[in-house]
**Q** 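Have a look at the structure that comes next, please.
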Amino acid sequence: MRILVVGGTGLIGAHVAAVLRERGHEVTSTARAKGPGVDHALDLGPAPVDELRPLLAGHDGVVFAARTEEQRPLRKPIHPVLRRDMVEPVVRLFTAARAEGLTRGVVMGSYYTYFHRKHPEWDLPARHTYVRCRLEQADEARAAAGPGLPVAVLELPFVFGRAGDRLPNWAGPLDRWARSRSPLLAPPGGTAATSARAVGEAAADALEQASGADIAVADENIAWRDLMTRIAAATGRPRRAGRLPAAALGATLRLADVSQSLARKESGLNLRHLGALLTADLYVDPPTGRPLDDVIRETFA
């Protein structure tokens with residue numbers, strides 16, 4: 001197959017492109033700026049459908065792997081901004097893909113949509129604009145694509161790995177914290193986690209099968225304390241993470257929310273409700289069981 005990877009030089013996109021090439025597929029890569037491994041420089045945000053159609057022509061499938069930053073504080077109201085960044089470009093992309101006769105697609109999403117299905121009582125779309133926009137992204141991308149272009153949504157948890165000097169966007173702060181002399185604390189609860197390589201394999205599988213499913217990708221379910229302990233060991237400063245009480249985390253986040261509100265700002269994940277989310281067991285059932293020790297060491301080496 002011939003596949004267009006949007007965001008092909010990012011951590012996820014680079015691994016998707018690598019796996020596809022290993023399997024014998026032809027890959028066209030786009031990124032916002034021209035550079036090594038970039039076939040076309042493209043800022044998808046403002047690109048109209050008529051500009052995207054020639055780029056998609058002759059391809060069998062397309063992968064949307066551009067990165068979204070959910071915790072960047074923005075001026076209120078945040079929903080129109082997140083829609084502009086996350087939803088509208090994907091709708092134009094799949095409108096153009098449908099017009100050019102593509103037959104398969106993949107969107108890199110978030111595991112919060114998985115938890116919305118699993119725990120509707122958490123009311124995640126109402127509490128967190130980021131989750132609301134992820135759901136809108138999936139629904140509207142599929143509507144734009146139509147029945148002849150199935151779109152799989154990979155619901156991604158914490159993703160470990162690197163592609164050259166490209167790392168997960170959250171890795172830097174955790175790396176600095178784990179290497180510092182500050183106490184290493186973690187709340188109750190935990191998260192699912194996976195590797196960038198596993199995401200690439202899941203994307204390639206979905207494209208080869210022309211899947212239109214929601215696919216939760218996870219290798220391990222890890223308690224936060226265990227995760228921070230493993231990260232500290234990977235940085236070369238091993239120590240056991242202590243326990244941060246849920247009440248202390250909640251109070252800290254509420255104070256941060258007050259500060260944001262005074263500045264008339266908000267984040268995609270609402271700080272007032274983030275404590276309850278982070279202290280839950282954000283586990284995917286079932287994970288593959290593939291151990292992540294090597295890729296955690298690779299990420300924080």
Side-chain angles (χ1 to χ4, degrees), residues 1-17 20-21 25-70 72 74-75 77-110 113 129-130 132-154 156 163 166 169 199-200 203 206-207 210 212 268:
M1 296 184 297
R2 190 175 178 209
I3 306 296
L4 176 71
V5 180
V6 177
T9 61
L11 173 66
I12 299 297
H15 279 270
V16 171
L20 287 170
R21 290 187 178 112
H25 304 299
E26 183 180 347
V27 175
T28 305
S29 178
T30 77
R32 287 188 176 91
K34 194 69 176 174
V38 178
D39 298 303
H40 297 280
L42 171 70
D43 184 356
L44 184 63
V49 171
D50 288 345
E51 183 181 333
L52 296 171
R53 287 190 62 176
L55 186 64
L56 288 156
H59 289 83
D60 299 289
V62 59
V63 177
F64 178 77
R67 191 174 79 180
T68 300
E69 176 53 72
E70 69 272 17
R72 177 169 51 107
L74 298 168
R75 296 287 291 180
I78 196 173
H79 181 251
V81 179
L82 290 190
R83 270 196 62 87
R84 185 192 66 205
D85 291 348
M86 295 171 57
V87 182
E88 294 168 8
V90 176
V91 170
R92 291 194 295 270
L93 178 68
F94 282 98
T95 299
R98 179 180 186 175
E100 290 300 322
L102 274 67
T103 58
R104 58 207 70 212
V106 169
V107 171
M108 298 300 166
S110 165
T113 58
T129 306
Y130 173 75
R132 174 183 171 187
C133 286
R134 280 297 191 188
L135 291 165
E136 292 172 352
Q137 181 187 65
D139 291 344
E140 295 183 34
R142 286 168 170 152
L149 171 49
V151 177
V153 176
L154 302 193
L156 304 184
R166 294 177 293 279
N169 59 337
V199 177
L207 290 165

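Source: prediction; values computed, not measured.
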**Q** Grab the two heavy atoms, one from G105 and one from L149, that are nearest each other, plus how far apart they are.
**A**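 Heavy-atom minimum between the residues: N-CD1, 3.9 Å.
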**Q** Answer yes or no: is there a donor N or O on one side and an acceptor on the other, between the side chain of R142 and the main chain of G212, under 3.5 Å?
**A**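 The answer is yes, because a donor-acceptor pair under 3.5 Å joins these two groups.
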**Q** Tell me the closest heavy-atom pair linking P89 and D85, and the distance in Å.
**A**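 For P89 versus D85, the nearest heavy atoms are CG-O, 3.7 Å.
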**Q** What are the two closest heavy atoms between A141 and V90, and how far apart are they?
**A**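 Of all heavy-atom pairs spanning A141 and V90, the closest is CB-CG1, 3.5 Å.
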**Q** On a heavy-atom basis, which atom in P147 and which in R98 lie closest, and how many Å separate them?
**A**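 So the two residues come closest at CD-NH2, 4.3 Å.
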**Q** Kindly compute the distance separating CG (D60) from CG (L207), expressed to the nearest 0.5 Å.
**A**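 Rounded to the nearest 0.5 Å, the CG-CG separation comes out at 9.5 Å.
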**Q** Starting from the C-alpha separation in whole Å, work towards a yes-or-no answer on side-chain contact (heavy atoms from CB on, under 4.5 Å) for V63 and M108.
**A** CA-CA 8 Å; V63 177; M108 298 300 166; 3.9 Å; yes
**Q** Please identify each residue that fulfils side-chain contact (heavy atoms from CB on, under 4.5 Å) with T28, with sequence neighbours left out.
**A**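 Here the qualifying residues are R2, L4, D39, H40, H59.
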**Q** Please report the shortest heavy-atom distance between L11 and R166, naming the atom on each side.
**A**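 Minimum heavy-atom separation between L11 and R166: CD1-O, 3.8 Å.
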**Q** Under 3.5 Å, is there a donor-acceptor pair between the side chain of Q137 and the main chain of M86?
**A**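 Yes.
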**Q** So, taking the atom named SG in C133 and the one named CZ in R84, what distance separates them when rounded to the nearest 0.5 Å?
**A**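 Going from the SG atom of C133 to the CZ atom of R84 covers 11.5 Å.
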**Q** Within a radius of less than 6.0 Å around CZ of R83, do more than 12 heavy atoms belonging to other residues, nucleotides or ligands occur?
**A**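 Count over threshold, so yes.
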**Q** State whether the side chain of R53 and the backbone N or O of E100 hold a donor-acceptor pair below 3.5 Å, judged by distance alone.
**A**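 Pair absent, no side-chain N/O of R53 close to backbone of E100.
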**Q** With the side chain counted from C-beta on, respond yes when T103 and M1 share a heavy-atom pair under 4.5 Å apart, and no when they do not.
**A**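 Heavy-atom side-chain distance check fails, nothing below 4.5 Å.
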**Q** Measure the spacing between CD1 of I78 and CZ of R132 and express it to the nearest 0.5 Å.
**A**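 Between I78 CD1 and R132 CZ, I get 11.5 Å after rounding to 0.5 Å.
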**Q** Looking at A144 and T95, what are the two nearest heavy atoms and their distance?
**A**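 Heavy-atom minimum between the residues: CB-OG1, 3.5 Å.
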**Q** Would you compute the distance between atom OG1 of T129 and atom CZ of R134 and round it to the nearest 0.5 angstrom?
**A**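 The OG1 atom of T129 sits 13.5 Å away from the CZ atom of R134.
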**Q** How long is the straight-line distance from CZ of F94 back to CG of L52, given to the nearest 0.5 Å?
**A**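 Separation between the atoms: 11.0 Å.
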**Q** Measuring from atom CG of L154 to atom CD1 of I12, what distance do you get when rounded to the nearest 0.5 angstrom?
**A**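 CD1 of I12 is found 9.0 Å from CG of L154.
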**Q** Given the rule in the side-chain contact (heavy atoms from CB on, under 4.5 Å) test, do L82 and E136 qualify, once you have shown the distances and angles that lead to the verdict?
**A** CA-CA 11 Å; L82 290 190; E136 292 172 352; over 6 Å; no
